[in-house]
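Remember, it's 1-based here, ligands and their atoms both numbered in the order they're listed. What you see is a predicted model, and the numbers here were worked out from it, not measured in a lab.
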Amino acid sequence: MISENLKRIKSELPANVRLLAVSKFQPLERLLEAYQAGQRLFGENRPQELAAKAVQLPQDIEWHFIGHLQTNKLKMVLPYAALVESIDSQHLLEAVDDWGQAHDKVIPVLLELHIGAEETKQGFYEEEILEILFNADKYAHVRFCGLMGMASHTDDEEMVRADFTRISSYLDYLRDLFPELEDFKELSIGMSDDWRIAVDCGSTQVRIGSAIFGPRV
Ligand SMILES: *Cc1c(COP(=O)(O)O)cnc(C)c1O
């Protein structure tokens, strides 16, 4: 049951780690069930689905976008998302900044770092993120809030831990290097199968879908 799953996970999460309920592919009734159990933070990975759910569900839900985002879909995401966690190219970052300028808004984002094994190609390499942050002033309508990452898809716990340790250390390194970026502190790591390891490694927000809602329909 959704409310029991939420309760169980929350009881294990340290108070400083937020729980993003990843509701992609789930019908509205199941999101409402989570909402009624007190959940207010939801994550979606498809622009159209996010927009449709955001207009139909209660307005006090905080939506995060966690999927691959094409620049022609910004208008379905940016009006609704409190945080875009999945910025994975400079082209996208520039488009988000332009949208923010046009709408007189500052868009909070995470930069997605490529940490997993080869099959997951999404995300920046370390040096690309460095270059962006050295030029952070160029993006006046973006607020850099931290890093997001996905560990290798494997049962090998040590490999997952190595991925999470790498991104966590990199966040520390960047915070030392760019102390003027005061909001750059979030570390979005951990999913249904690996969130406990992520919490060990310094996660500030876990993104959990199937362990809350069951298999995606
Ligand atoms: C689907 C998804 C999740 C949640 O996955 P589960 O294994 O169901 O917890 C987390 N992060 C991203 C980016 C996702 O696409």
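We find that Glu126 and Arg166 are joined by a salt bridge, their nearest charged nitrogen and carboxylate oxygen being less than 4.0 Å apart.
For atom 1 (C) of ligand 1, the nearest protein heavy atom (residue, atom name, distance) is Lys24 NZ, 1.4 Å. What sits closest to atom 9 (O) of ligand 1 on the protein, heavy atoms only, is Ser192 OG, 2.5 Å. Counting only heavy atoms of the protein, atom 5 (O) of ligand 1 lies nearest to Met191 CE, 3.5 Å. Closest to atom 11 (N) of ligand 1, if we only count protein heavy atoms, is Arg207 NE, 2.8 Å. With respect to atom 12 (C) of ligand 1, the closest heavy atom belonging to the protein is Ile66 CD1, 3.6 Å.
Here Glu85 has no heavy atoms under 4.0 Å from ligand 1, in either its backbone or its side chain.
Looking at Leu147 and Ile189, their side chains never come closer than 4.5 Å, going by heavy atoms from C-beta outward.
Looking at Lys138, its side chain never comes within 3.5 Å of a backbone N or O of Leu133 through a donor-acceptor pair.
Residues Lys10 and Gln39 have side chains that bring a donor and an acceptor to within less than 3.5 angstrom of each other.
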| said: Let's go through Phe25 and Phe213 carefully: what are the C-alpha distance in whole Å and the side-chain angles of both, what is the deciding distance for ring-ring contact (aromatic ring centres under 6.0 Å, His included) to 0.1 Å, and is it a yes or a no? | reply: CA-CA 10 Å; Phe25 300 97; Phe213 295 104; over 10 Å; no
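Considering both main-chain and side-chain atoms, Gly209 comes within under 3.5 Å of ligand 1 through a nitrogen or oxygen pair.
Residue Met150 has at least one heavy-atom neighbour below 4.0 Å for each of these atoms of ligand 1: 13 (C). Heavy-atom proximity to Ser210, at under 4.0 Å, picks out these atoms of ligand 1: 6 (P), 7 (O), 8 (O), 9 (O). Shown in contact with Ile208 at under 4.0 Å from a heavy atom are these atoms of ligand 1, numbered in order with element: 9 (O).
For Phe42, the ring-ring contact (aromatic ring centres under 6.0 Å, His included) criterion is met by Trp63, not counting sequence neighbours.
Each of Thr154, Asp156, Val160 was compared with Glu158 under the side-chain contact (heavy atoms from CB on, under 4.5 Å) criterion, and only Asp156 meets it.
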